[in-house]
Amino acid sequence: MHIDHIGIAVKDAKTATETYSKILNTKPSKTEVVESEKVETVFFQTGESKVELLAPTTPDSVIAKYVEKKGEGLHHVAFEVEDIHAELDRLRKEGFTVLNDEPKTGADNKLVAFVHPKDNHGVLVELCQSKK
Ligand code: ZN
């Protein structure tokens, strides 16, 4: 397992992209709209890991609600795993609350699933696996 990316919830993709381009002194490596999640994602490659900006594309997006409630900021930490199904089974057996019955297709051509922050000391954990 390694940290694949850190997800940051933002209000506006354009403004946040400008900010992070300055902080990281690089351009985004990729932008992608995930229609099913009503979210625009902007990735910055930072060594082996990435920063993922998450901006809502509609007012009823989960990210819009998150930002409204908690403000902008750290949203999740994503760990890349070899076999997401096996890891989710393992975590369920350990008593963790997995928020997805089945991994779904997220940004960056990955299968993703989330583990509830209440089980992780307040951090929403994403597991992801590259699609082959
Ligand atoms: Zn993510």
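In listed order, ligands and their atoms are each counted from 1. Excluded from the calculations below are hydrogen atoms, water molecules and symmetry mates; all remaining heavy atoms, backbone and side chain alike, are included.
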Is the number of heavy atoms from other residues, nucleotides or ligands within 6.0 Å of CG (N25) greater than 12?
no

Identify which one of I6, V112, V125, L54 satisfies the side chain to side chain contact (heavy atoms under 4.5 Å, CB included) criterion when paired with H76.
L54

Which protein N, O or S atoms lie under 2.8 Å from the Zn ion (ligand 1)?
H5 NE2, E52 OE1, H76 NE2, E126 OE1

Does either side chain, that of Q129 or that of H85, offer a donor lying less than 3.5 Å from an acceptor on the other one?
no

Hydrophobic cluster mates of V62, side-chain heavy atoms under 4.5 angstrom, ILVMFWY only, any path?
none

Using distance alone, with no hydrogens and no angle criterion, decide if K50 and S29 have a side-chain donor and acceptor under 3.5 Å apart.
no

Any side-chain donor-acceptor pair under 3.5 Å between H5 and E126?
yes

